[in-house]
Amino acid sequence: MSIVLTHGYYLSQDPKELKIMKPYPPLGLLYISSYLSNQGIENSVFDTTFFSKEEQLDYLQNEKPDVVAIYSNLMTKVEVIKLIKILLSDAKYGFPKIILGGPDITFNLENYLNAGAQYLIIGEGEETMTELYVAITKKQPITDVAGIAYLESGAVKKTAPRIKIKDLSNLPLPNREGIPMERYLQTWKQNHGQSSMTVSTQRGCPYTCKWCSTAVYGQSYRRRPADLVAAELKMLKASYNPDTVWFVDDVFTVSHKWLTAFHEEVIKQDAIIPFECITRAERLNDEILRLLKEAGCYRIWIGAESGSQKIIDAMDRRVKVEVVQDAINKANDLDIETGTFIMLGYPGEDENDIDQTIDHLIKSNPTHFTITVAYPIKGTSLYNEIEQKITSKKDWETSTDREIEFKRKYPRKFYDYAVRKVVNEVNYHRELLKGNEKSIKQIMVLKSKSILAGGLMKVSKHFG
């Protein structure tokens, strides 16, 4: 093959994910692969998820492609850079041209180019990858390709911005046949009793949450026609028969008109597959919840981030805490599972805000909730706001934005205990409602062992 598409995620090296075992394929790469094929460009995908770096390198050594295109994000960057350096240091790989793309690229151009990449794709990859590959192989001017960056005489050069794809109906379906899809399905089935696949229906997000990166698809809203999405689901049923689908869109119910059409199409085409999705509370109402359930939705993830209106406003979330609670409660009443996301340690958060978050989780009672400690992604408004407050920043090539430390209300260690307090308090309340005395005693033991039993402020003073 003249071009190989690959990435730097290796499941076997991720202890946390090995416990969870819910891997999904690299959908973005699969879209680019299909697009290249439609343009007559032969390509292959080496999906590293179930393979090692050694196996990846063996493949590239055997193929010796002219171009290796690598997807890089916040969590895979370190491995991607290691891969680049290996490919460019040994003649047995044929010294391919290295192209990088992905959400971590846009605001780290100089770093990636200095790490060895020859070309960077800024934003969406389908059209840019096609034009760049043609320019490289036919020795045409690189400057004519919109949406790329490269080094010239040691300086970063950028071409004209790439215009985003307006009509997503022109995109071919992702090249799922090019990867070991059955292995994903089997892994899910063996570990969770049901298989799952991913589907994308939209690109971009029109909202302005300060911590969220929109580096690839931008702050826009573009949607595939509902009939084509239903047709894809029908194809998946026939070809793979997944038990569930995860819609990877940022806000699945952002358009009520589109959702109404989707509901109609999946029923008409006999394309219903149980699915879960992410959305915002204010884009839900009784009618939309009904349509979702009838279309196959069994779980909705509704963004909350905090139970403190002060913090939600600081994040520019533009939603009321009560609206989030009401949306989760209504979904619960319809027997739709609910999930929500909580972020602790956002600038300005104090003990009272954390207590309000606990109260919020108790009142809304989501089926699932996840907690992260806030970290600044370069290029986001959050990063810009705290940049002057950064207290610790490791070497860029060997660390990620998750490891950036900045001045907060309390020391960083405080938030590890805060996470435990939130989980313990919410679980205690849930078991109390169930009357489960055994679980209550277990949680009380956890609480009594924690320094949090005496109050979070003691943690702050203890680690201060």
Side-chain angles (χ1 to χ4, degrees), residues 1-18 23 25-26 28-30 32-33 36 41-122 125 128-129 132-133 135-137 142 148-152 154 156 178-180 183 378 394-403:
M1 301 294 180
S2 294
I3 179 170
V4 172
L5 309 174
T6 191
H7 58 108
Y9 177 71
Y10 313 92
L11 179 61
S12 62
Q13 295 183 14
D14 193 328
K16 290 184 179 179
E17 287 302 318
L18 282 172
L29 281 181
L30 303 187
I32 292 174
S33 176
L36 289 171
I41 298 174
E42 191 175 3
N43 68 91
S44 67
V45 179
F46 189 88
D47 176 10
T48 59
T49 302
F50 297 106
F51 298 93
S52 66
K53 179 167 281 165
E54 290 70 29
E55 290 171 306
Q56 181 184 29
L57 289 169
D58 286 344
Y59 179 86
L60 293 172
Q61 181 181 348
N62 291 332
E63 293 294 329
K64 287 187 174 59
D66 298 321
V67 173
V68 176
I70 310 171
Y71 171 84
S72 184
N73 63 22
L74 178 72
M75 300 312 298
T76 63
K77 175 194 72 176
V78 173
E79 292 301 326
V80 167
I81 291 172
K82 290 179 184 176
L83 177 62
I84 293 171
K85 292 184 181 298
I86 293 171
L87 293 177
L88 296 180
S89 65
D90 197 325
K92 67 184 181 183
Y93 300 111
F95 298 120
K97 297 294 183 184
I98 305 292
I99 301 174
L100 298 186
D104 199 50
I105 299 297
T106 304
F107 299 100
N108 291 288
L109 300 179
E110 185 174 8
N111 286 329
Y112 275 109
L113 290 169
N114 287 334
Q118 281 98 354
Y119 306 103
L120 305 179
I121 291 178
I122 304 171
T128 308
M129 181 68 76
L132 181 56
Y133 177 78
I136 291 171
T137 55
I142 297 298
I148 66 168
Y150 56 94
L151 283 179
E152 186 178 278
V156 177
I179 62 170
R183 194 159 178 184
K378 193 172 182 181
K394 298 180 181 179
D395 176 67
W396 182 82
E397 290 191 2
T398 58
S399 66
T400 73
D401 289 352
R402 279 184 178 269
E403 298 170 76

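The figures that follow rest on heavy atoms only: side chains count, while hydrogens, waters and symmetry mates do not.
Scanning all heavy atoms of the two residues, the minimum distance from Pro103 to Tyr71 falls at CD-OH, 3.4 Å. Taking all atoms of both residues into account, the shortest heavy-atom contact from Val78 to Glu397 is CG2-O, 3.8 Å. Closest approach of Asn43 and Leu5 over heavy atoms only: OD1-CD1, 4.1 Å. The two atoms that bring Asp401 and Lys378 nearest to each other are OD2-N, 3.1 Å, heavy atoms only. Pairing each heavy atom of Pro96 with each of Leu88, the nearest pair is O-CD2, 3.8 Å. Closest approach of Leu18 and Ser12 over heavy atoms only: CD1-O, 3.6 Å.
Remark: the Ser44 side chain and the Glu63 side chain contain no N/O donor-acceptor pair separated by less than 3.5 Å. At a cut-off of 3.5 Å, with distance as the only test, no side-chain donor of Glu17 or Tyr9 sits close to an acceptor on the other residue.
The aromatic rings of Phe46 and Tyr59 sit tilted, their planes meeting at an angle between 30° and 60°.
Between Tyr93 and Ile86 the shortest side-chain heavy-atom distance falls below 4.5 Å. The shortest side-chain heavy-atom distance between Thr48 and Leu11 does not fall under the 4.5 Å cut-off. Ile136 places none of its side-chain heavy atoms less than 4.5 Å from the side chain of Asp66. Two residues are said to be in side-chain contact when any heavy atoms from C-beta on lie closer than 4.5 Å; Leu151 and Asn114 meet this criterion. With a 4.5 Å cut-off on side-chain heavy atoms, Pro25 and Leu30 count as touching.
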(request) Show your reasoning for whether side-chain contact (heavy atoms from CB on, under 4.5 Å) applies to Asn111 and Ile81. (result) CA-CA 10 Å; Asn111 286 329; Ile81 291 172; over 6 Å; no
(request) Assess whether side-chain contact (heavy atoms from CB on, under 4.5 Å) is satisfied between Asp104 and Tyr112, documenting all intermediate values. (result) CA-CA 9 Å; Asp104 199 50; Tyr112 275 109; 2.6 Å; yes
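Residue Thr49 holds its OG1 atom at 4.0 Å from NE2 of His7, rounded to the nearest 0.5 Å. Taking OG1 of Thr6 as the reference point, atom CG of Leu60 lies at 6.5 Å (rounded to 0.5 Å). Between the CD1 atom in Ile142 and the OH atom in Tyr119 there is a gap of 4.0 Å [rounded to 0.5 Å]. Here the straight-line distance linking atom CD1 of Ile148 with atom CG of Leu100 works out to 12.5 Å at 0.5 Å rounding. Atom CG in Asn108 sits 9.5 Å away from atom CG in Leu120 (nearest 0.5 Å). Between the CG atom of Leu83 and the OG atom of Ser72 there is a distance of 10.5 Å, given to the nearest 0.5 Å.
Few gaps surround NZ on Lys53; more than 12 heavy atoms of other groups in view lie less than 6.0 Å from it. Enclosure of atom CD in Glu110 is not indicated, since only 12 or fewer non-hydrogen atoms of other residues, nucleotides or ligands lie within 6.0 angstrom.
Residue Val67 is tested with Val4, Ile3, Ile98 for a side-chain contact (heavy atoms from CB on, under 4.5 Å); the sole match is Ile3. If you run side-chain hydrogen bond (donor to acceptor under 3.5 Å, both in side chains) between Tyr10 and each of Glu55, Gln56, Glu54, only Gln56 comes through.
Formation of a donor-acceptor pair under 3.5 Å by the Thr76 side chain with backbone atoms of Asn73 is found in this model. Under the 3.5 Å distance criterion, the side-chain polar atoms of Lys77 are matched with a main-chain donor or acceptor of Ser399.
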